[in-house]
Novice: 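Below is the structure I would like to discuss, written out as structure tokens.
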Protein chains: 2
Amino acid sequence: MEEGISTEEKILKAAEEVFIRDGYDGSRMQDIADVAGINKALLHYYFRSKDKLFEKVFDAKIQGFFPQVDEVFNQDILFIDKIYFFIEGYIELLRKNPYLPLFVLNTVNSKDKSEFIKKLPIQLSRKVAESYQTDLKKGRVRMLNPAQFIISLMGMCIFPFLAKPILLDMFQADNVTFDALMQDRIQELKTYIKLILQP
Amino acid sequence: MEEGISTEEKILKAAEEVFIRDGYDGSRMQDIADVAGINKALLHYYFRSKDKLFEKVFDAKIQGFFPQVDEVFNQDILFIDKIYFFIEGYIELLRKNPYLPLFVLNTVNSKDKSEFIKKLPIQLSRKVAESYQTDLKKGRVRMLNPAQFIISLMGMCIFPFLAKPILLDMFQADNVTFDALMQDRIQELKTYIKLILQP
DNA sequence: CTTAGATTTAACCAGATGGTTAAACTTTTT
DNA sequence: AAAAAGTTTAACCATCTGGTTAAATCTAAG
């Protein structure tokens with residue numbers, strides 16, 4: 001654990017690591033303290049409870065689950081190009097935060113944290129749908145169900161990171177080849193999207 | 001809890017419910033005993049430990065994560081039709097077992113159960129790839145990366161069930177409309193697959 | 001320098017947890 | 001019917017867990 005950062009920050013970094021690795025139920029306050037290199041009582045001094053600490057970590061990480069769509073979708077460009085940019089951005093983001101999807105999905109699926117769903121900055125569906133309708137009217141894209149399209153797009157981006165251990169086994173891959181696969185996947189998904197969208 | 005079934009079966013049913021609902025770390029042996037309507041000591045009498053009980057449940061459920069692909073892929077039909085059958089079968093299966101994906105993915109991603117990956121009956125990738133090559137040679141399908149295709153196919157089938165709470169919020173849906181969306185999704189995915197595969 | 005406020009420490013706490021034990025009870029076998 | 005085997009129970013156990021407490025230590029302010 002590095003010098004020069006506050007105890008609060010040490011705790012947040014350690015908590016993030018442990019919560020992501022072990023999940024909420026599997027995480028121990030003593031483990032977080034050990035990783036942070038501090039006395040366990042400080043966790044309560046600074047954050048009051050395990051719940052609140054988790055919430056703080058979740059709040060910090062959640063902003064990354066849905067990348068800022070404004071920059072992409074407010075541009076005056078073709079819908080399909082917006083989707084390309086989205087794919088590039090999202091897969092890059094997931095490559096840097098490969099454990100994020102499972103962390104978020106576990107949280108929103110857990111029964112005592114389902115209200116955390118309200119914390120998700122979900123503008124994606126609206127932005128995509130509006131942008132899609134614009135291009136549909138101009139005959140630039142095929143008619144399809146925007147909701148289903150968004151689900152598919154997200155599924156194709158996110159799923160491999162969730163299923164990484166399975167895919168490593170399935171394709172006799174290691175971390176290096178998996179990452180290359182994810183790199184290649186950007187182009188692959190663009191191809192699919194083009195085939196699906198072009199009228 | 002029903003009459004006429006053995007204590008062992010009672011425990012397995014209850015354990016399945018609780019492990020799926022709360023995850024391994026979040027599950028308590030007393031909870032499982034309560035759901036089963038038995039004394040907690042019986043869990044150890046019949047299954048020796050929480051670990052072993054979990055493994056038994058996992059073994060039972062895992063067979064369903066990858067549906068039997070033999071029936072579908074051994075048929076002498078077009079590759080694309082095989083994929084259609086796969087989609088129908090898999091989405092139906094997931095609609096009946098909506099919590100299964102998260103259960104499995106959590107298990108294979110957890111650090112002390114990663115060896116469970118070996119229990120997955122993974123013939124899917126090989127079957128799909130072989131079948132795809134056959135049709136490729138006959139010019140029935142477009143050239144693409146089979147691994148990426150499989151990942152996408154599975155992602156589009158599985159992801160919505162993992163992200164259900166998010167999607168409910170995102171699309172202002174409830175359980176009924178979500179299920180209808182999953183029903184409709186079969187046709188939608190077939191459309192995508194057709195567009196992607198046709199030469 | 002002293003005081004006040006902030007931070008940290010080590011010990012402690014009540015309840016929870018997976019698991020154990022021995023006795024009681026039930027079913028099967030002889 | 002009695003004995004043996006199998007099942008169940010209630011109590012118990014050592015350890016773990018999130019959290020608390022009061023004293024010690026550190027830092028900032030006057």
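Residue numbers begin at 1 in each chain, while the letters A, B, ... track the order of the sequences.
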Novice: So if I take every side-chain heavy atom of Asn39(A) and compare against dT20(C), dT9(C), dG18(C), which nucleotide ends up nearest?
Specialist: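 Between dT20(C), dT9(C), dG18(C), the one nearest the side chain of Asn39(A) would be dT9(C).
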Novice: Atom CZ of Phe47(B) and atom C1' of dT7(D): how far apart are they, to the nearest Å?
Specialist: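 Between C1' of dT7(D) and CZ of Phe47(B): 14 Å.
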Novice: Should we count OH of Tyr99(A) as having more than 12 external heavy atoms under 6.0 Å?
Specialist: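 Count not over threshold, so no.
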Novice: From the set dG19(C), dT21(C), dG19(D), return the single nucleotide nearest to any side-chain atom of His44(B).
Specialist: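 Given the options dG19(C), dT21(C), dG19(D), the side chain of His44(B) is closest to dG19(C).
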Novice: Does Lys127(B) make a cation-pi contact with Phe73(B), if we ask for NZ or CZ under 6.0 Å from the ring centre and within 45° of the axis?
Specialist: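 Because its charged atom misses either the 6.0 Å distance or the 45° angle limit, Lys127(B) does not stack over Phe73(B).
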Novice: Is a donor on one side and an acceptor on the other found under 3.5 Å between the side chain of Asp81(B) and the backbone of Ile77(B)?
Specialist: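 Answer holds: no.
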Novice: Please evaluate the base of dG19(C) for a donor-acceptor partner in the side chain of Lys50(B) within a cut-off of under 3.5 Å?
Specialist: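 There is none.
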Novice: Roughly, in whole Å, what's the span from CG in Asp51(A) to P in dG19(D)?
Specialist: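 That distance rounds to 7 Å.
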Novice: Would you find more than 12 non-hydrogen atoms of other residues, nucleotides or ligands less than 6.0 Å from Lys56(B) atom NZ?
Specialist: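 Atom NZ in Lys56(B) is not packed in, count stays at 12 or less.
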Novice: Send over the distance from Lys10(A) NZ to dT7(C) P, rounded to a whole Å.
Specialist: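 That distance rounds to 13 Å.
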Novice: When the distance from CG of Leu42(B) to C1' of dA22(C) is rounded to whole Å, what number comes out?
Specialist: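 The answer, rounded to whole Å, is 15 Å.
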Novice: Could you check how far CG of Leu43(B) sits from P of dA10(D), rounded to whole Å?
Specialist: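 That distance rounds to 14 Å.
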Novice: For the side chain of Ser49(B), counting heavy atoms from C-beta on, which of dT20(D), dG19(C), dG19(D) is nearest?
Specialist: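 Of the candidates, dG19(C) comes closest.
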Novice: CD of Glu8(B) versus P of dT8(D): gap in Å, rounded?
Specialist: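 The answer, rounded to whole Å, is 10 Å.
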Novice: Mind calculating the distance between CD1 (Ile11(A)) and P (dG19(D)) to the nearest angstrom?
Specialist: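 The distance from CD1 of Ile11(A) to P of dG19(D) comes to 13 Å, rounded to the nearest Å.
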Novice: Cation-pi check for Tyr24(A) against Lys113(A): NZ or CZ below 6.0 Å from the six-membered ring centre and within 45 degrees of the axis, yes or no?
Specialist: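 Judged by the rule, Lys113(A) and Tyr24(A) form a cation-pi pair.
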Novice: Would you say a side-chain N or O of Thr7(B) is under 4.0 Å from OP1 or OP2 of dT8(D)?
Specialist: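 Yes.
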Novice: Tell me: OH of Tyr45(A) to P of dA23(D), nearest whole Å?
Specialist: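 Checked: the OH to P distance equals 17 Å.
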Novice: Is Lys82(B) close enough and on-axis enough to Phe79(B), meaning under 6.0 Å and within 45°, for cation-pi?
Specialist: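 The answer is no, since Lys82(B) fails at least one limit relative to Phe79(B).
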Novice: What's the closest nucleotide to the Lys40(B) side chain, out of dT8(C), dG19(C), dT8(D)?
Specialist: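 Among the listed nucleotides, the one closest to the side chain of Lys40(B) is dG19(C).
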Novice: Heavy atom of residues 20-30 of chain A under 4.0 Å from DNA chain D: which residues?
Specialist: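 Heavy-atom cutoff 4.0 Å gives Ser27(A), Arg28(A), Met29(A).
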Novice: So, is Tyr46(B) near the phosphate of dT8(D), with a side-chain N or O under 4.0 Å from OP1 or OP2?
Specialist: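 True: Tyr46(B) side-chain N/O within range (under 4.0 Å) of dT8(D) OP1/OP2.
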Novice: Does the Lys NZ or Arg CZ of Lys10(A) fall within the cation-pi geometry relative to Tyr46(A) - under 6.0 Å from the ring centre and within 45° of the axis?
Specialist: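 Ring-cation test returns no.
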